[in-house]
Structure formats: C-alpha cells, structure tokens
Protein chains: 2
Amino acid sequence: MENITTPQTSASSAKVLNVDLQLCFALYSASLSMTKTYKPLLAKLKLTYPQYLVLLVLWEKDGLTVNSIGERLFSDSGTLTPLLKRLEKIGLIQRQRAIEDERKVIITLTEHGKLLQTQAADVHTQVACSTGCTLTELKELNSQLILLRTSLINKLVTP
Amino acid sequence: MENITTPQTSASSAKVLNVDLQLCFALYSASLSMTKTYKPLLAKLKLTYPQYLVLLVLWEKDGLTVNSIGERLFSDSGTLTPLLKRLEKIGLIQRQRAIEDERKVIITLTEHGKLLQTQAADVHTQVACSTGCTLTELKELNSQLILLRTSLINKLVTP
DNA sequence: CACAATTATATTGCACACAATTTAATTGTG
DNA sequence: CACAATTAAATTGTGTGCAATATAATTGTG
C-alpha cells in the first residue's frame, strides 16, 4: 500500500504511520472476529466470551476475589461486578463477602458451574480449528501478542 | 504451562485447549491494551478509537456511505449510526441522504474534520513506539493477524 | 403498474470496557 | 483510641459491539 524505506531499528519514524496503524486495526478486528467465532459456540452454554474467561480462571483456581480475577483478566470491578452478578443469577457462581476482610468478595463456582467445564471443552478446539493455524503458529502468535501487550501496558504506567 | 505433544499438523486435538485459549485471550487483552494506549492520545482530540478509525477511512476517501465504511471496518449500522451521529454532533462530519437513492446516507468530512488529520498524525507514531516492536515485527504481526481474521471470518460464513 | 423482495439505515436491548465517583471496611499513625 | 489514608467493591455514565427488529426507499416480477 505504501513503501517503507525506514531501517529496521525501531518504530519511531514518521514513515511508520501506516504500518502501525494497520497493525492496531488488524489487532482490533481480529479480536472482534475471534469473539464472533466464540459467540455461537458459547451461546449453547448461555455464556458470553468475557463470562467464559472468568469461568476459565475459576476452573483453574476457585474461590478467588474480584480483584484476583481482575488481575488475571486485566479488568476492574466496573466490568467484573455486573458480569459476576449475571453469572450468579444464572447459577454458575456464588458471591460472598470474606469473613476475615469484609471488603473482599469471594467468588466460588457452584456445582453447575463446575460441571460446565466439561461441556466447554469442545469450544476451545472448535475455535482453534477456525483459526486455520497450526499449533506452532498459534503458539508463536500467542507469545508475540503477550510481548506486545506487556510492552503496551508498561508504556501505560510509565509514559 | 502444560506440555503439548500433539504433532504440528492442525489445531484440532483436544490437547490444544490451553494454547488456543491463551491465544484468544492474548488477542483479546492485547487489543484492549492497544485501545488503552490510544485513549489518552486520542482524548486530546476528543475522539474514541472507533471514531478515529472512521476518520481514518474518511481521510483516505471522503463521501462514503455508512455501508462502505462498515465494510472497511467490519462493523454494521447498529454500531456506526450512533457513532456517526456523535461525530456529526462534535462537528467533524456531515450526514446527508443521497439524492439518487434516499436509502443511502453519505458521510462527508467537515473542514474541521479534515483539519484534524494533521493533529492526528502524531498519534500513530506514539503508539508504534509503545509497542516496542521493530518495523519488521509490526509488519509480520500485521500479516499474521490479517490471515487469522480472514480465516475466522470465512469460518463464520461457511461453518 | 401493483406488490413482494431486497437494500440501506435506524432503533432497541443487552453486555461489556472503562473512567470517575462512592461506599464501606481495614490499616497506619500520632 | 481517634482519624486520616488506603483498599475492595459497587455505582454511574458514556461509548461501543452486535443481534434482532423496524422503517423506508428501490428493484424485480408478473
């Protein structure tokens, strides 16, 4: 689309414009496409993708606080509180204040919530197939995105 | 985190679970981080990232219909109509029905909207720097994400 | 030309994402 | 111990993202 003649040192030149711009959009649109791919599969379990992420965290380690879940998923109480209330409403989790520190809310899976893990197992596989990527590709892309995310988050806190 | 012993043919094994799971989440969280990186930069221009994307499209080619913009950005009227109304409200674009086909709404940049392009030029560069990637890396990641997106979208229409 | 089908946008409703503020509990300090 | 500071969630408000539906204009067909 445009010819980049900048040397391969760092992405600081004005010529970078379109490349980085394209990357951001590629990231943004690929992420939305991924969510759309998950949607019909998760709909069978009556879940949204963010709700599914919370369950993944809880299936790995149950009884976490809202904050711990938020740290794992890079989101805060403004997002999590209403989401968790919905998960509670459909009977997948329980929310209860910690006895030793009543500021904390402990999230626990119900039996139904635990059982859902088995049904959800297929979901991953189907999405992985839809990516059309090999395992190696998935793993490489994964590492690159994690590096990118780390870089972006670090620049956020210390600009 | 877990040992994958599946051969490198396709991502269809049950062992894939956590890897693809990580990729989807890496994509999701990297995309959100990117938006957060843009946020303070775009706030100076009183823009959100999706609004900025619409302007990018219009700066490239003005006078498009809602649909054309939607095709470019992979989004529909449900998202675009309110977004475009906000851009109109802050005086960056104009919305007017096409005279030859009154179902269509033509989006045109105002003078203010055109002038904003200059001020927005810095934004790309700053975000590119925050990625901590070289140009080569940005370009490669970009291509991979486009491939991934294409694959996902194709699987969506023909499952 | 009437009228069903199609097309383009708008509307509605729900679920995030996130900044900013509030509330309530706990901790630290004099 | 009182009280300011801190911490953990919840709340509020704005802006998407998207499915489903509605509305209005245009096109295709008999």
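In what follows, chains are A, B, ... by sequence order, proteins preceding strands, each numbered from 1. This one's a predicted model, so the numbers in the text were calculated from it and none came from an experiment.
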Can you check the A/L84 CG to D/dA8 P distance for me, whole Å?
16 Å

Any stem touching DNA chain C, meaning at least three consecutive Watson-Crick or G-U pairs under 3.5 Å, ordered by first number, would be C:1-30 with D:1-30

In terms of side-chain geometry, is the basic nitrogen of B/K114 or B/E111 positioned less than 4.0 Å from the acidic oxygen of its partner?
yes

Could you check which residues of residues 91-102 of chain B get a heavy atom under 4.0 Å from DNA chain C? Sort them by number, please.
B/R95, B/R97

Tightest non-hydrogen contact, residues A/E137 and A/T134, listed as OE1-N, 2.8 Å

Does the side-chain contact (heavy atoms from CB on, under 4.5 Å) test come out yes or no for B/L64 and B/I107, once each step is laid out?
CA-CA 5 Å; B/L64 294 172; B/I107 308 296; 5.6 Å; no

What residues form a side chain to side chain donor-acceptor pair (under 3.5 Å) with B/T35, not counting sequence neighbours?
none

Going by modelled atom types, is there a donor-acceptor pair between the base of C/dT9 and the side chain of B/R103 at under 3.5 Å?
no

Out of curiosity, does A/L42 fall in the hydrophobic cluster containing A/L92 (side-chain heavy atoms, cut-off under 4.5 Å, transitive links)?
yes

Listing time: all N or O pairs from protein to nucleotides 1-3 of chain C that are below 3.5 Å?
none

Give the C-alpha distance, both sets of side-chain angles, the deciding distance and a yes or no for side-chain contact (heavy atoms from CB on, under 4.5 Å) between A/T131 and B/L152.
CA-CA 6 Å; A/T131 61; B/L152 291 172; 4.2 Å; yes

To the nearest 0.5 Å, what is the distance between NZ (B/K61) and CG (B/L109)?
12.0 Å

Rounded to whole Å, please give me the gap between CD1 in B/I69 and C1' in C/dT9.
12 Å

Quick test: give all pairs of protein nitrogen or oxygen and nucleotides 11-16 of chain D nitrogen or oxygen below 3.5 Å, distance rounded to 0.1 Å.
residue, atom, partner, partner atom, Å
D/dT11, OP2, A/K85, NZ, 2.5
D/dT16, OP1, B/T48, OG1, 2.6
D/dT16, OP2, B/Q51, NE2, 2.5
D/dT16, OP2, B/R86, NH1, 3.3
D/dT16, O5', B/R86, NH1, 3.3

Considering all heavy atoms, the nearest B/S130-A/S151 contact:
O-OG, 3.3 Å

Spacing of A/Y38 atom OH relative to D/dA19 atom C1', expressed in whole Å:
21 Å

Taking NZ from B/K104 and P from C/dA8, how many angstroms apart are they, rounded to a whole number?
6 Å

In whole angstroms, how far is the P atom of C/dA15 from the CG atom of A/L42?
14 Å

Rounded off to whole Å, could you give me the CG-to-P distance for the A/L73 and C/dC16 pair?
12 Å

Which pair of non-hydrogen atoms, one from B/K46 and one from B/Q51, has the smallest distance, and what is that distance?
O-OE1, 4.0 Å

Nearest 0.5 angstrom please: A/T37 OG1 to A/Q126 CD, how far?
11.0 Å

Whole-Å gap separating P (C/dC14) and NZ (A/K89)
10 Å

Comparing A/N67 with A/L32, nearest DNA chain D nucleotide closer to 5' gives the residue A/N67

In whole angstroms, the gap separating P of C/dA19 from CG of B/L47 amounts to 17 Å

Residues pairing under ring pair (Phe, Tyr, Trp, His ring centres under 6.0 Å) where one sits in residues 43-78 of chain B, two or more places apart or in two chains, turn out to be A/Y28-B/Y49, B/Y38-B/Y49, B/Y38-B/Y52, B/Y52-B/H124

Under 4.0 Å, counting only non-hydrogen atoms across every strand here, what does A/S75 touch: a base, just sugar-phosphate, or nothing?
nothing

By the 4.0 Å heavy-atom rule, please label B/T65 as base, sugar-phosphate, or nothing.
sugar-phosphate

